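This one's a predicted model, so the numbers in the text were calculated from it and none came from an experiment.
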Amino acid sequence: MYKRQFPGGVTQHIYYLDKHLRELGHQVKIIAPCAGSEPEELPENVVVTTTKVISIPFSGSKARIPYSPMVNWRVRGALHEEDFDILHAHEPMTLPVPIMALTHSRAVNVGTFHAYRDTHVIYKYGRRVFQPFFDKLHGKIAVSEAARDTVARYFGGEFVIIPNGIDVERFAGEHVRPLEQYLDGRPNILFVGRLDPRKGFKHLLRAFPYIKKEFPRARLLVVGAYNKEEVADHLLYAREQHITGVKFVGRVSDDDLPRYYRTCDVFCAPSTGFESFGIVLLEAMAAGKPTVASDIPGYRDLLA
(Lines give C-alpha, C1' and ligand atoms only; values in the text may rest on other atoms or scores of the structure.)
Protein backbone atom coordinates (compact mmCIF):
# COMPACT_ATOMS: atom_id res chain seq x y z
CA MET A 1 0.00 0.00 0.00
CA TYR A 2 1.24 3.43 -0.80
CA LYS A 3 3.22 5.58 1.61
CA ARG A 4 0.68 8.19 2.62
CA GLN A 5 -2.29 5.87 3.20
CA PHE A 6 -0.71 3.53 5.74
CA PRO A 7 2.70 4.82 6.81
CA GLY A 8 5.20 2.27 8.03
CA GLY A 9 8.69 0.96 7.50
CA VAL A 10 7.92 -1.30 4.56
CA THR A 11 5.86 1.25 2.63
CA GLN A 12 8.52 3.89 3.23
CA HIS A 13 11.20 1.45 2.03
CA ILE A 14 9.26 0.81 -1.20
CA TYR A 15 8.49 4.50 -1.71
CA TYR A 16 12.12 5.59 -1.63
CA LEU A 17 13.41 2.54 -3.50
CA ASP A 18 11.00 3.37 -6.30
CA LYS A 19 11.99 7.04 -6.22
CA HIS A 20 15.74 6.47 -6.42
CA LEU A 21 15.61 3.64 -8.97
CA ARG A 22 13.61 5.88 -11.30
CA GLU A 23 16.09 8.71 -10.75
CA LEU A 24 18.79 6.29 -11.93
CA GLY A 25 16.85 5.75 -15.15
CA HIS A 26 15.15 2.44 -14.40
CA GLN A 27 11.52 1.73 -15.21
CA VAL A 28 9.67 0.72 -12.04
CA LYS A 29 6.15 -0.50 -11.39
CA ILE A 30 4.64 -0.95 -7.92
CA ILE A 31 2.02 -3.70 -7.77
CA ALA A 32 0.10 -3.42 -4.52
CA PRO A 33 -3.27 -3.05 -2.83
CA CYS A 34 -4.09 0.56 -2.06
CA ALA A 35 -7.12 1.06 0.15
CA GLY A 36 -8.14 4.62 0.91
CA SER A 37 -6.89 6.21 -2.31
CA GLU A 38 -8.50 7.46 -5.45
CA PRO A 39 -6.67 6.42 -8.66
CA GLU A 40 -5.89 10.03 -9.55
CA GLU A 41 -4.04 10.46 -6.22
CA LEU A 42 -1.49 7.77 -7.08
CA PRO A 43 1.60 7.95 -9.28
CA GLU A 44 1.06 6.51 -12.73
CA ASN A 45 3.51 3.66 -12.08
CA VAL A 46 1.35 2.16 -9.30
CA VAL A 47 -0.72 -0.85 -10.35
CA VAL A 48 -3.57 -1.23 -7.86
CA THR A 49 -4.53 -4.86 -7.32
CA THR A 50 -7.55 -3.99 -5.18
CA THR A 51 -8.94 -1.34 -2.84
CA LYS A 52 -10.69 -4.00 -0.73
CA VAL A 53 -8.56 -4.54 2.35
CA ILE A 54 -9.36 -5.86 5.80
CA SER A 55 -7.36 -5.16 8.94
CA ILE A 56 -6.46 -8.16 11.13
CA PRO A 57 -4.71 -7.95 14.53
CA PHE A 58 -1.31 -9.63 14.33
CA SER A 59 1.66 -9.58 16.74
CA GLY A 60 0.60 -6.42 18.53
CA SER A 61 -0.03 -4.57 15.28
CA LYS A 62 -2.46 -4.81 12.37
CA ALA A 63 -1.98 -6.74 9.15
CA ARG A 64 -3.89 -5.33 6.19
CA ILE A 65 -4.95 -8.16 3.91
CA PRO A 66 -6.46 -7.73 0.41
CA TYR A 67 -9.48 -9.97 -0.11
CA SER A 68 -10.72 -9.32 -3.64
CA PRO A 69 -10.83 -12.27 -6.08
CA MET A 70 -9.51 -9.84 -8.71
CA VAL A 71 -6.04 -9.73 -7.10
CA ASN A 72 -4.72 -12.82 -8.89
CA TRP A 73 -5.98 -11.66 -12.27
CA ARG A 74 -4.49 -8.17 -11.88
CA VAL A 75 -1.12 -9.42 -10.63
CA ARG A 76 -0.85 -11.94 -13.47
CA GLY A 77 -1.94 -9.35 -16.04
CA ALA A 78 0.57 -6.76 -14.84
CA LEU A 79 3.47 -9.23 -14.89
CA HIS A 80 2.70 -10.63 -18.33
CA GLU A 81 2.00 -7.23 -19.87
CA GLU A 82 5.27 -5.66 -18.71
CA ASP A 83 7.62 -8.67 -19.00
CA PHE A 84 9.84 -7.44 -16.15
CA ASP A 85 13.54 -8.23 -15.85
CA ILE A 86 13.43 -8.28 -12.03
CA LEU A 87 10.60 -8.97 -9.63
CA HIS A 88 11.28 -7.57 -6.16
CA ALA A 89 8.86 -8.98 -3.58
CA HIS A 90 8.69 -7.46 -0.10
CA GLU A 91 7.87 -10.03 2.56
CA PRO A 92 7.65 -12.55 -0.32
CA MET A 93 5.85 -15.28 1.60
CA THR A 94 2.86 -13.08 2.41
CA LEU A 95 -0.59 -13.65 1.00
CA PRO A 96 -1.91 -12.81 -1.44
CA VAL A 97 0.06 -10.36 -3.65
CA PRO A 98 3.71 -11.52 -3.17
CA ILE A 99 2.77 -15.20 -3.41
CA MET A 100 0.74 -14.60 -6.56
CA ALA A 101 3.55 -12.51 -8.04
CA LEU A 102 6.05 -15.33 -7.48
CA THR A 103 3.58 -17.79 -8.94
CA HIS A 104 3.31 -15.89 -12.23
CA SER A 105 6.81 -14.38 -12.41
CA ARG A 106 9.00 -15.02 -15.44
CA ALA A 107 11.76 -12.72 -14.13
CA VAL A 108 14.70 -12.90 -11.75
CA ASN A 109 13.06 -12.94 -8.33
CA VAL A 110 14.46 -11.00 -5.38
CA GLY A 111 12.87 -11.02 -1.95
CA THR A 112 13.37 -8.54 0.88
CA PHE A 113 12.49 -9.72 4.38
CA HIS A 114 11.52 -7.02 6.87
CA ALA A 115 9.83 -8.85 9.75
CA TYR A 116 11.22 -9.97 13.08
CA ARG A 117 9.49 -12.48 15.35
CA ASP A 118 10.80 -14.62 18.20
CA THR A 119 8.59 -17.37 16.80
CA HIS A 120 6.97 -16.89 13.40
CA VAL A 121 3.82 -19.00 13.69
CA ILE A 122 2.99 -18.75 9.97
CA TYR A 123 6.46 -19.89 8.92
CA LYS A 124 6.54 -22.60 11.57
CA TYR A 125 3.27 -24.28 10.64
CA GLY A 126 3.18 -23.27 6.98
CA ARG A 127 6.71 -24.18 6.01
CA ARG A 128 5.71 -26.94 3.58
CA VAL A 129 3.28 -24.58 1.86
CA PHE A 130 5.72 -21.68 1.57
CA GLN A 131 8.93 -23.58 0.78
CA PRO A 132 8.26 -23.76 -3.01
CA PHE A 133 7.83 -19.98 -3.12
CA PHE A 134 10.97 -19.41 -1.06
CA ASP A 135 12.84 -21.66 -3.51
CA LYS A 136 11.76 -19.42 -6.41
CA LEU A 137 13.82 -16.54 -4.99
CA HIS A 138 17.11 -16.05 -6.82
CA GLY A 139 18.27 -13.43 -4.32
CA LYS A 140 17.36 -12.92 -0.66
CA ILE A 141 17.78 -9.65 1.26
CA ALA A 142 17.18 -8.98 4.95
CA VAL A 143 17.09 -5.48 6.41
CA SER A 144 18.85 -6.59 9.60
CA GLU A 145 20.31 -9.60 11.35
CA ALA A 146 17.07 -9.90 13.32
CA ALA A 147 15.03 -10.10 10.11
CA ARG A 148 17.45 -12.60 8.59
CA ASP A 149 17.37 -14.86 11.65
CA THR A 150 13.57 -14.88 11.63
CA VAL A 151 13.28 -16.42 8.17
CA ALA A 152 16.52 -18.41 8.13
CA ARG A 153 15.41 -20.27 11.26
CA TYR A 154 12.72 -21.97 9.18
CA PHE A 155 13.98 -21.95 5.59
CA GLY A 156 17.76 -21.64 5.73
CA GLY A 157 19.40 -20.07 2.70
CA GLU A 158 21.97 -17.36 2.02
CA PHE A 159 21.01 -13.74 2.69
CA VAL A 160 22.54 -10.36 2.02
CA ILE A 161 21.86 -7.84 4.78
CA ILE A 162 21.08 -4.41 3.34
CA PRO A 163 19.97 -2.02 6.09
CA ASN A 164 17.12 0.39 5.51
CA GLY A 165 18.13 3.86 4.43
CA ILE A 166 16.59 7.31 4.72
CA ASP A 167 16.93 10.61 2.92
CA VAL A 168 19.45 12.16 5.33
CA GLU A 169 19.18 15.64 3.81
CA ARG A 170 15.44 15.62 4.50
CA PHE A 171 16.13 15.46 8.26
CA ALA A 172 19.61 16.96 8.58
CA GLY A 173 19.49 19.79 6.06
CA GLU A 174 19.91 23.40 7.11
CA HIS A 175 16.51 24.14 5.59
CA VAL A 176 14.77 22.16 8.35
CA ARG A 177 13.57 24.67 10.91
CA PRO A 178 12.15 23.91 14.39
CA LEU A 179 8.47 24.55 15.02
CA GLU A 180 8.18 27.95 16.65
CA GLN A 181 5.14 27.09 18.80
CA TYR A 182 7.27 24.66 20.80
CA LEU A 183 10.31 26.91 21.22
CA ASP A 184 9.17 28.29 24.57
CA GLY A 185 11.96 26.93 26.72
CA ARG A 186 10.13 23.75 27.71
CA PRO A 187 11.97 20.43 27.21
CA ASN A 188 10.35 18.50 24.33
CA ILE A 189 10.26 14.69 24.22
CA LEU A 190 9.13 13.23 20.89
CA PHE A 191 7.38 9.96 20.06
CA VAL A 192 6.76 9.11 16.38
CA GLY A 193 4.72 6.09 15.37
CA ARG A 194 1.43 4.31 15.42
CA LEU A 195 -0.26 3.54 18.73
CA ASP A 196 -0.20 -0.21 18.18
CA PRO A 197 0.49 -2.02 21.48
CA ARG A 198 3.91 -3.19 20.31
CA LYS A 199 5.05 0.41 19.82
CA GLY A 200 5.00 0.71 23.61
CA PHE A 201 3.60 4.22 23.92
CA LYS A 202 1.68 3.33 27.08
CA HIS A 203 4.99 2.68 28.85
CA LEU A 204 6.31 6.09 27.84
CA LEU A 205 3.09 7.73 29.05
CA ARG A 206 3.39 5.94 32.40
CA ALA A 207 7.02 7.00 32.73
CA PHE A 208 6.29 10.62 31.88
CA PRO A 209 5.23 11.65 35.44
CA TYR A 210 8.66 10.53 36.71
CA ILE A 211 10.29 12.72 34.07
CA LYS A 212 8.13 15.65 35.14
CA LYS A 213 9.33 15.31 38.72
CA GLU A 214 12.80 16.24 37.48
CA PHE A 215 11.67 18.52 34.64
CA PRO A 216 8.26 19.95 35.61
CA ARG A 217 7.81 21.84 32.35
CA ALA A 218 8.59 18.85 30.11
CA ARG A 219 6.29 18.28 27.16
CA LEU A 220 5.59 15.00 25.33
CA LEU A 221 4.78 15.36 21.62
CA VAL A 222 3.01 12.35 20.12
CA VAL A 223 3.17 12.22 16.32
CA GLY A 224 1.71 9.40 14.24
CA ALA A 225 -1.01 8.03 12.02
CA TYR A 226 -3.47 7.08 14.73
CA ASN A 227 -7.22 7.61 15.00
CA LYS A 228 -9.54 8.80 17.78
CA GLU A 229 -10.31 5.29 18.98
CA GLU A 230 -6.61 4.42 19.35
CA VAL A 231 -5.82 7.54 21.36
CA ALA A 232 -8.94 7.45 23.58
CA ASP A 233 -7.55 5.10 26.26
CA HIS A 234 -4.33 7.10 26.55
CA LEU A 235 -6.25 10.37 26.91
CA LEU A 236 -8.43 8.83 29.59
CA TYR A 237 -5.40 7.53 31.49
CA ALA A 238 -3.68 10.93 31.32
CA ARG A 239 -6.79 12.65 32.69
CA GLU A 240 -7.33 10.11 35.48
CA GLN A 241 -3.68 10.36 36.54
CA HIS A 242 -3.61 14.16 36.16
CA ILE A 243 -0.75 13.96 33.67
CA THR A 244 -0.25 17.28 31.93
CA GLY A 245 2.06 18.32 29.12
CA VAL A 246 1.08 15.57 26.66
CA LYS A 247 0.29 16.85 23.17
CA PHE A 248 -1.32 14.34 20.77
CA VAL A 249 -0.40 15.86 17.41
CA GLY A 250 -1.55 13.00 15.14
CA ARG A 251 -0.56 12.64 11.51
CA VAL A 252 1.74 15.33 10.14
CA SER A 253 2.84 16.15 6.61
CA ASP A 254 6.06 14.88 5.07
CA ASP A 255 7.41 18.44 5.27
CA ASP A 256 6.55 18.87 8.95
CA LEU A 257 7.88 15.53 10.23
CA PRO A 258 11.57 16.58 10.02
CA ARG A 259 10.62 19.80 11.83
CA TYR A 260 9.26 17.82 14.78
CA TYR A 261 12.52 15.92 15.03
CA ARG A 262 14.45 19.19 14.84
CA THR A 263 12.20 20.66 17.57
CA CYS A 264 12.61 17.91 20.18
CA ASP A 265 15.31 17.67 22.82
CA VAL A 266 15.07 13.88 23.12
CA PHE A 267 13.50 11.25 20.88
CA CYS A 268 12.05 8.13 22.51
CA ALA A 269 11.12 4.79 20.88
CA PRO A 270 9.69 2.49 23.60
CA SER A 271 8.66 -0.45 21.39
CA THR A 272 8.26 -3.75 23.22
CA GLY A 273 9.26 -6.09 20.37
CA PHE A 274 8.74 -7.30 16.81
CA GLU A 275 10.95 -4.50 15.43
CA SER A 276 13.39 -5.65 12.78
CA PHE A 277 15.01 -2.27 12.31
CA GLY A 278 13.51 1.06 13.44
CA ILE A 279 13.56 3.70 10.71
CA VAL A 280 12.42 6.32 13.23
CA LEU A 281 15.73 5.87 15.02
CA LEU A 282 17.62 6.73 11.84
CA GLU A 283 15.44 9.78 11.32
CA ALA A 284 16.07 11.06 14.85
CA MET A 285 19.80 10.45 14.62
CA ALA A 286 19.96 12.16 11.22
CA ALA A 287 18.31 15.17 12.86
CA GLY A 288 21.12 15.10 15.45
CA LYS A 289 18.89 14.29 18.42
CA PRO A 290 19.67 12.16 21.49
CA THR A 291 17.77 8.92 21.05
CA VAL A 292 16.43 6.62 23.77
CA ALA A 293 15.10 3.23 22.63
CA SER A 294 14.11 -0.13 24.04
CA ASP A 295 16.82 -2.78 24.33
CA ILE A 296 15.22 -5.16 21.80
CA PRO A 297 16.51 -6.97 18.69
CA GLY A 298 16.44 -4.69 15.68
CA TYR A 299 16.83 -1.55 17.76
CA ARG A 300 19.83 -3.01 19.59
CA ASP A 301 21.69 -3.76 16.36
CA LEU A 302 21.03 -0.31 14.97
CA LEU A 303 22.12 1.62 18.06
CA ALA A 304 25.09 -0.56 19.00
Student: Would you say I161 and F113 are hydrophobically clustered, going by side-chain heavy atoms of ILVMFWY under 4.5 Å?
Tutor: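 I161 and F113: separate clusters.
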Student: Between F277 and D301, does the side-chain contact (heavy atoms from CB on, under 4.5 Å) criterion hold? Intermediate values first, please.
Tutor: CA-CA 8 Å; F277 192 83; D301 294 341; over 6 Å; no
Student: Examine the side chains of S271 and Y299 and answer whether a donor and an acceptor come within less than 3.5 Å of each other.
Tutor: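 Yes, a side-chain donor-acceptor pair sits under 3.5 Å.
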Student: With under 30° as parallel and over 60° as perpendicular, where do the rings of F248 and H234 fit, or are they tilted in between?
Tutor: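 Taking H234 first and then F248, their aromatic rings lie parallel (interplane angle under 30°).
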Student: Is a donor from one side chain sitting under 3.5 angstrom from an acceptor on the other, for H104 and H80?
Tutor: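 Note: H104 and H80 side chains miss the donor-acceptor criterion.
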Student: Parallel, tilted or perpendicular, judged at 30° and 60°: which one describes the rings of F134 and F155?
Tutor: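 Parallel: the ring planes of F134 and F155 meet at under 30°.
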Student: Membership question, hydrophobic clusters at under 4.5 Å side-chain separation (ILVMFWY): are L235 and L204 in the same one?
Tutor: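 They do share one cluster, since a chain of ILVMFWY contacts under 4.5 Å joins L204 to L235.
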Student: Ion pair present between D184 and R219, side-chain N to carboxylate O less than 4.0 angstrom?
Tutor: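 Salt bridge: yes.
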Student: Calculate, to the nearest 0.5 Å, the distance between atoms OH and CG belonging to Y237 and D233 respectively.
Tutor: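 The OH atom of Y237 sits 12.5 Å away from the CG atom of D233.
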Student: Report the distance from atom SG of C268 to atom CG of L281, rounding to the nearest 0.5 Å.
Tutor: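 It comes to 10.0 Å.
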Student: Is it true that D18 and R22 make a salt bridge, defined as a side-chain N closer than 4.0 Å to a carboxylate O?
Tutor: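 So D18 pairs with R22 through a salt bridge.
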Student: Starting from the C-alpha separation in whole Å, work towards a yes-or-no answer on side-chain contact (heavy atoms from CB on, under 4.5 Å) for V280 and L282.
Tutor: CA-CA 5 Å; V280 291; L282 282 186; over 6 Å; no
Student: When you measure from the side chain of R170 to the backbone N and O of E283, does any donor-acceptor pair fall under 3.5 Å?
Tutor: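 Checked: no pair found.
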